[in-house]
Amino acid sequence: MPLAFLRRPDPDHIEVHHDGALLRLALRRRSAARRITLRVSSATGEAVITLPPRMSVGTAQKFAASHADWIATRLARVPERIAFAPGALVPIRGETHRLVRRGERSGPAQFEAAGGDLALSLSCGEEHFPRRVKEFLTKEARADILASVENYAPRLGKRPTRITLRDTTSRWGSCTTKGELNFSWRLILAPPVVLDYLVAHEMAHLREMNHSARFWAVAHDLCPHVDSAEAWLKRHGTGLHRFG
């Protein structure tokens with residue numbers, strides 16, 4: 001009987017000890033992998049160990065244990081997460097807002113000033129607060145993205161066939177060969193020029209489905225703040241994943 005049928009199913013994670021702490025690593029197996037690899041996401045803090053098809057889980061366990069110090073160091077660099085909870089400070093369109101819960105009865109979210117500070121207030125049950133905040137921010141992100149699309153579409157002579165918002169960790173936006181644009185709702189947390197640039201970037205792909213010199217020429221022609229927005233994302237983009 002082939003060994004593949006005798007091997008037990010892989011666990012979804014493995015654990016290693018380091019200085020009294022327990023480190024948890026998601027276990028992945030990829031057919032194209034030729035060696036074992038470790039990765040710690042700076043966006044989510046997820047630690048992942050990836051194995052070639054025939055490597056044993058025991059070997060992965062030993063490899064992870066021998067690199068426990070490296071894993072712990074990378075995890076320590078991941079920014080602390082900030083939940084969408086009353087009192088939390090969250091950037092919206094690049095400006096810090098305090099999240100406020102007005103009461104129990106369901107009511108619309110609204111921007112207001114609270115003690116001289118900017119605030120986003122909602123009225124709902126405490127258990128619904130995080131979801132309501134995310135839903136509102138996603139709605140605001142969609143509105144801003146649609147406004148930018150309407151600004152660039154006449155100049156480009158092309159329109160997307162569909163616009164989708166997701167919570168991606170590897171890309172802020174994407175464009176499919178069918179003309180569908182996908183964006184991270186977290187762009188609403190960044191300054192408006194960053195969101196606007198990402199829309200211009202993905203719309204430029206409607207004409208040039210690559211990152212060639214021709215593509216960048218289109219992007220720069222559409223958007224005057226390509227370089228400053230790219231620089232902001234490189235410095236601060238990862239930090240947007242700590243919220244919510």
Side-chain angles (χ1 to χ4, degrees), residues 39-46 48 77-79 81-82 84 89-97 109 111 118 120 133-244:
R39 178 180 62 83
V40 176
S41 170
S42 58
T44 64
E46 182 185 37
V48 179
R77 295 176 182 174
V78 177
R81 295 194 66 83
I82 297 176
F84 287 154
L89 297 177
V90 176
I92 303 175
R93 296 186 176 96
E95 295 187 285
T96 300
H97 288 66
F111 291 112
L118 297 174
L120 171 64
V133 171
K134 182 179 177 180
E135 288 175 350
F136 176 77
L137 293 179
T138 301
K139 182 179 178 180
E140 291 291 293
R142 178 176 289 278
D144 286 8
I145 288 169
L146 290 176
S148 289
V149 167
E150 289 305 312
N151 176 47
Y152 291 124
R155 295 164 55 186
L156 187 65
K158 291 181 178 293
R159 288 180 175 274
T161 58
R162 184 182 180 187
I163 296 174
T164 303
L165 271 67
R166 299 173 179 168
D167 192 7
T168 54
T169 58
S170 59
R171 291 190 292 182
W172 296 109
S174 62
C175 176
T176 72
T177 55
K178 295 180 179 179
E180 300 169 336
L181 302 187
N182 304 301
F183 296 97
S184 168
W185 67 264
R186 293 179 182 276
L187 290 174
I188 195 62
L189 306 177
V193 294
V194 175
L195 179 146
D196 186 67
Y197 157 65
L198 260 298
V199 173
H201 182 111
E202 300 309 330
M203 289 196 69
H205 281 309
L206 296 176
R207 182 175 293 174
E208 295 289 340
M209 198 59 153
N210 50 59
H211 283 110
S212 65
R214 292 192 305 275
F215 163 82
W216 287 109
V218 174
H220 279 276
D221 184 58
L222 286 175
C223 180
H225 35 257
V226 170
D227 295 334
S228 60
E230 284 273 358
W232 191 95
L233 283 169
K234 288 180 180 178
R235 290 195 303 268
H236 308 292
T238 298
L240 300 183
H241 291 284
R242 66 191 294 217
F243 298 98

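FYI, side chains are in, hydrogens and waters are out, and symmetry mates aren't considered; it's all heavy atoms of this structure.
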### Task
Just do the side-chain contact (heavy atoms from CB on, under 4.5 Å) check on Leu206 and Leu181 with the steps written out, would you?
CA-CA 9 Å; Leu206 296 176; Leu181 302 187; 4.3 Å; yes
### Query
Any side-chain heavy-atom pair from Phe243 and Pro91 closer than 4.5 angstrom?
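Yes, side chains in contact.
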### Message
Between Asp144 and Pro192, is there a side-chain heavy-atom distance shorter than 4.5 Å?
### Response
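The answer is no; the side chains never approach within 4.5 Å.
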[X] and [Y]: which non-hydrogen atoms are nearest, and at how many Å?
X: Val78; Y: Ser41; value: CG2-O, 3.8 Å
X: Lys134; Y: Asp167; value: NZ-OD2, 4.3 Å
X: Val226; Y: Ala219; value: CG2-O, 3.8 Å
X: Leu222; Y: Ala200; value: CD1-O, 3.9 Å
X: Ala204; Y: Leu156; value: N-CD2, 4.5 Å
X: His97; Y: Glu95; value: ND1-O, 2.8 Å

### Atom CZ of Arg166: over 12 foreign heavy atoms under 6.0 Å
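Counting neighbours around CZ of Arg166, 12 or fewer heavy atoms of other residues, nucleotides or ligands fall under 6.0 Å, so no.
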Roughly how far, to the nearest 0.5 Å, is the [atom2] atom of [Y] from the [atom1] atom of [X]?
X: Asp196; Y: Ile145; atom1: CG; atom2: CD1; result: 10.5 Å
X: Leu189; Y: Ser184; atom1: CG; atom2: OG; result: 8.0 Å
X: Phe183; Y: Thr138; atom1: CZ; atom2: OG1; result: 14.0 Å
X: Glu150; Y: Arg159; atom1: CD; atom2: CZ; result: 4.0 Å
X: Leu187; Y: Leu137; atom1: CG; atom2: CG; result: 12.0 Å
X: Arg93; Y: Leu118; atom1: CZ; atom2: CG; result: 11.5 Å

Test item: [X] side-chain N/O and [Y] main-chain N/O as donor-acceptor pair under 3.5 Å:
X: Arg155; Y: Asp221; result: yes
X: His205; Y: Asn210; result: yes
X: Arg81; Y: Gly244; result: yes
X: Thr161; Y: Lys178; result: yes

### Message
For a side-chain contact (heavy atoms from CB on, under 4.5 Å) check, start with the C-alpha distance between Leu120 and Val90, then their side-chain angles and the critical distance, and finish with the verdict.
### Response
CA-CA 9 Å; Leu120 171 64; Val90 176; over 6 Å; no
### Task
Report the C-alpha distance between Tyr152 and Cys223 in whole Å, list the side-chain angles of each, state the deciding distance to 0.1 Å, and finish with yes or no for side-chain contact (heavy atoms from CB on, under 4.5 Å).
CA-CA 9 Å; Tyr152 291 124; Cys223 180; 3.9 Å; yes
### Query
What pairs with His225 under ring pair (Phe, Tyr, Trp, His ring centres under 6.0 Å), at least two apart in sequence or on another chain?
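Expected list: none.
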#### Entry: Matching residue for Trp172 among Asn182, Leu198, Val194 - test: side-chain contact (heavy atoms from CB on, under 4.5 Å)
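The single option meeting the side-chain contact (heavy atoms from CB on, under 4.5 Å) with Trp172 is Leu198.
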### Pair listing, salt bridge (charged side-chain N to carboxylate O under 4.0 Å, His left out) test, anchored in residues 225-243, at least two apart
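Listed by first then second residue: nothing to list.
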### Task
Give the C-alpha distance, both sets of side-chain angles, the deciding distance and a yes or no for side-chain contact (heavy atoms from CB on, under 4.5 Å) between Lys158 and Met203.
CA-CA 8 Å; Lys158 291 181 178 293; Met203 289 196 69; 5.9 Å; no
### Task
Classify the ring geometry between His211 and Phe215 as parallel (under 30°), tilted (30 to 60°) or perpendicular (over 60°).
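Perpendicular: the ring planes of His211 and Phe215 meet at over 60°.
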